[in-house]
Amino acid sequence: MQKTLIINAGSSSLKWQLFAMPAETVVASGLVERISMPGSIFTIKYGDHQKFEKTVDQLSQSQAAQMLLDELQQLAIIESLSEITAVAHRVVAGGETFKQAVAITPEVLTAIKQLSDFAPLHNPMEARGIETMAQALPDVTQYAVFDSQFFTDLPEMNAIYSLPYDLTQQYHIRRYGEHGISHGYLTGRAATLLDQPQSEVNLVTLHLGSGSSLAAVKAGRAFDTSMGFTPLTGVTMGTRAGDVDPALLPFLMKVLKTTDPNEIMTLLNDQSGLLGLSGVSSDMREIRAQEATNPQAHLAIEIFINRIVKYAGSYLTELKHVDALLFAGGIGEHNPKLRQQIVDELSIFGVKLDADLNAAGQEGLISSPDSQIKVLLIPTNEELAMVRQVAALQN
């Protein structure tokens with residue numbers, strides 16, 4: 001049976017699923033957490049609730065990809081690598097070059113690398129992952145599925161910045177948005193759960209993880225999003241600062257006595273966010289563990305919630321009518337206390353959670369019956385969305 005391997009590499013994690021096609025049956029799935037951090041955790045789930053887990057310090061994305069292929073064979077999940085007939089990679093930035101999934105050629109790979117300015121934490125890493133898989137599986141067609149695709153049709157009012165219009169047009173400066181595979185999946189799944197046509201739903205979707213973004217969905221299509229020209233902007237994230245005054249760039253260059261703007265970009269991308277605020281970690285679980293005793297950890301959580309509320313509140317206002325508010329992503333799916341804190345801050349909109357449903361953490365409605373806006377918890381499934389795009393290309 002032919003199998004498609006879906007690789008979903010984030011800034012500090014690598015998720016994957018192996019699908020038997022065309023049935024879309026998940027043969028195995030896995031997650032590598034804390035990429036390039038102490039105590040990287042490599043997990044595979046397969047068979048009849050079987051689980052393999054291993055901790056490896058400072059596991060890189062390329063090492064994780066190679067370890068994945070090795071363990072698939074060692075655990076007899078596949079007999080040989082020849083069973084894998086397609087590999088698809090989530091690529092964050094497609095810019096205006098890629099507006100749909102494509103088979104990867106040398107030219108496509110070069111273009112993905114050239115788009116690294118739009119996603120400096122992601123595209124270079126994803127390009128390396130593509131190269132790693134190409135070496136391990138040289139005869140297998142690889143595909144790129146682009147995270148920015150969902151936001152290519154944003155209304156110009158929300159897509160562009162207040163710069164001279166000719167510069168915007170000449171240099172393709174716009175809000176590209178990311179996590180689009182997730183926001184697109186969440187939109188379709190929410191329409192199903194709400195029993196409404198997708199073309200009629202208005203939503204505010206919260207994808208909260210190491211990288212976090214919010215989107216406003218109007219009539220089933222992307223209307224606004226928190227990430228911008230790159231994934232650096234928007235809400236506070238694991239290591240990314242989110243929105244800052246651009247005048248900070250020359251100021252920091254001056255006080256830090258550097259002439260290299262890349263040093264400041266590294267600070268904003270890799271050393272800020274929850275990590276920089278807390279002084280503890282970029283991992284919300286570790287920050288939560290110190291919240292009661294470490295004022296910086298407490299402050300980091302306060303700021304994380306505050307920035308989310310600012311965007312969610314603006315989108316609820318912008319859309320005027322909203323069918324549901326959605327929580328997804330590693331933090332959004334697994335942190336009921338955080339969901340409650342966010343919804344409490346949005347109480348002016350009449351939104352309320354059901355405490356028992358929120359604590360249960362199951363997919364579906366978690367709002368109380370008297371909530372004026374429904375709240376949904378939906379575990380995102382970017383891999384399923386990706387494998388369907390690949391199947392469409394193959395047919």
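Numbers here are sequence positions counted from 1.
- To the nearest 0.5 Å, atoms CD (Q142) and CD1 (I84) are separated by 10.5 Å.
- Atom NE2 of H321 is separated from atom CG of L319 by 9.5 Å, given to the nearest 0.5 angstrom.
- Distance CG/N358 to NZ/K337: 12.5 Å, rounded to 0.5 Å.
- In this structure a side-chain-to-backbone donor-acceptor pair under 3.5 Å is missing from N8 to W16.
- Distance alone, capped at 3.5 Å, places no donor-acceptor pair between the Y161 side chain and the G228 backbone.
- Taken to the nearest 0.5 Å, the CZ atom of R90 stands 10.5 Å off from the CG atom of L14.
- Considering only heavy atoms from C-beta on, S282 comes within 4.5 Å of M37 through its side chain.
- Summarising the geometry, atom CD1 belonging to I305 is positioned 6.0 Å from atom CD1 belonging to I342; distances are rounded to the nearest 0.5 Å.
- Residue L268 is not grouped with residue L274 when hydrophobic side chains (ILVMFWY) are merged at heavy-atom distances under 4.5 angstrom, including chains of intermediate members.
- Counting only N and O atoms by type, the side chains of T258 and D260 include no donor and acceptor under 3.5 Å apart.
- Side chains of T225 and H183: no donor on one and acceptor on the other come within 3.5 Å.
- The 12-atom threshold is exceeded at CZ of R288, counting heavy atoms of other residues, nucleotides or ligands nearer than 6.0 Å.
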For L325 and F349: C-alpha separation, side-chain torsions, deciding distance, then whether side chain to side chain contact (heavy atoms under 4.5 Å, CB included) applies.
CA-CA 11 Å; L325 181 76; F349 294 98; over 6 Å; no

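- The residue from T4, L68, V387, I78 that alone fulfils the side-chain contact (heavy atoms from CB on, under 4.5 Å) condition with L18 is I78.
- Counting heavy atoms from C-beta outward, F52 and T43 have side chains that stay 4.5 Å or more apart.
- Under the ring pair (Phe, Tyr, Trp, His ring centres under 6.0 Å) test applied with F229, the options Y171, F151, F118 reduce to a single match, F118.
- Grouping the Ile, Leu, Val, Met, Phe, Trp and Tyr side chains by contacts below 4.5 angstrom, directly or via other members, places M125 apart from I130.
- Within the 4.5 Å cutoff, side-chain heavy atoms of Q58 are placed close to those of P38.
- A donor-acceptor contact under 3.5 angstrom links the side chains of D70 and Q66, judged on distance only.
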Give the intermediate values and the outcome of side chain to side chain contact (heavy atoms under 4.5 Å, CB included) for residues L81 and Q73.
CA-CA 8 Å; L81 294 178; Q73 296 173 92; 3.5 Å; yes

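- Here the shortest heavy-atom pairing between A297 and S278 reads CA-CB, 4.1 Å.
- For Q100, the CD atom is loosely surrounded, since the number of other residues' heavy atoms within 6.0 Å does not exceed 12.
- A 6.0 Å sphere centred on CZ of F251 holds no more than 12 heavy atoms belonging to other residues, nucleotides or ligands.
- Side chain of T192 to main chain of G188: a donor-acceptor pair is present (N/O by atom type, distance under 3.5 Å, no hydrogens or angles).
- With hydrogens and angles ignored, the 3.5 Å screen pairs a side-chain donor or acceptor of S371 with a backbone N or O of K352.
- Residues T380 and E382 bring no donor and acceptor atom of their side chains to less than 3.5 Å of each other.
- Put simply, the side chain of Q296 does not reach to within 4.5 Å of the side chain of V280, judged on heavy atoms.
- Using a distance-only test at 3.5 Å, with no hydrogens or angles considered, no donor-acceptor pair links the side chain of D354 to the main chain of I366.
- Considering only heavy atoms from C-beta on, V27 comes within 4.5 Å of K3 through its side chain.
- Judged purely by atom type and a 3.5 angstrom limit, R175 uses its side chain to pair as donor or acceptor with the backbone of M227.
- Geometrically, R174 engages Y176 in a cation-pi contact defined by less than 6.0 Å to the ring centre and at most 45° from the axis.
- For the pair N123/V92, a side-chain contact is recorded, criterion being any heavy-atom separation below 4.5 Å from C-beta on.
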Start with the C-alpha gap between D117 and T230, add the side-chain angles, then the distance that decides, and say whether side chain to side chain contact (heavy atoms under 4.5 Å, CB included) holds.
CA-CA 8 Å; D117 284 345; T230 75; over 6 Å; no

Pair L338-F327, side chain to side chain contact (heavy atoms under 4.5 Å, CB included): steps then yes or no
CA-CA 10 Å; L338 187 83; F327 285 94; over 6 Å; no

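- Counting heavy atoms from C-beta outward, L194 and L376 have side chains that approach closer than 4.5 Å.
- A donor-acceptor pair is defined here as one N or O able to donate and one able to accept, closer than 3.5 Å; such a pair exists between the side chain of R339 and the backbone of E333.
- A salt bridge links E363 and R189; the closest N-O separation between the charged side-chain nitrogens and carboxylate oxygens is under 4.0 Å.
- For the pair R128 and E131, the salt-bridge criterion is not met [side-chain N within less than 4.0 Å of a carboxylate O].
- Taking hydrophobic clusters as Ile, Leu, Val, Met, Phe, Trp and Tyr residues chained together by side-chain heavy-atom distances below 4.5 Å, L206 shares a cluster with V375.
- Formation of a donor-acceptor pair under 3.5 Å by the N269 side chain with backbone atoms of M265 is found in this model.
- Residues V145 and A101 share a closest heavy-atom pair of CG2-CB, 4.0 Å.
- If you take NZ on K54 and CD1 on I41, they are separated by 14.0 Å, rounding to the nearest 0.5 Å.
- Counting heavy atoms from C-beta outward, K218 and E318 have side chains that stay 4.5 Å or more apart.
- Checked by atom type and distance alone, the side chain of S40 pairs as donor or acceptor with a backbone atom of V56 at under 3.5 Å.
- By the criterion of side-chain heavy atoms lying less than 4.5 angstrom apart, applied directly or through intervening Ile, Leu, Val, Met, Phe, Trp or Tyr residues, I303 is not grouped with V235; the two fall into different hydrophobic clusters.
- At most 12 non-hydrogen atoms from other residues, nucleotides or ligands lie less than 6.0 angstrom from CD of Q2.
- The two residues A93 and S148 make their nearest non-hydrogen contact at C-OG, 4.1 Å.
- In the hydrophobic clustering of ILVMFWY residues, with side-chain heavy atoms under 4.5 Å counting as a link, L267 and L232 come out together.
- Using modelled atom types, no side-chain atom of S226 and backbone atom of S213 make a donor-acceptor pair closer than 3.5 Å.
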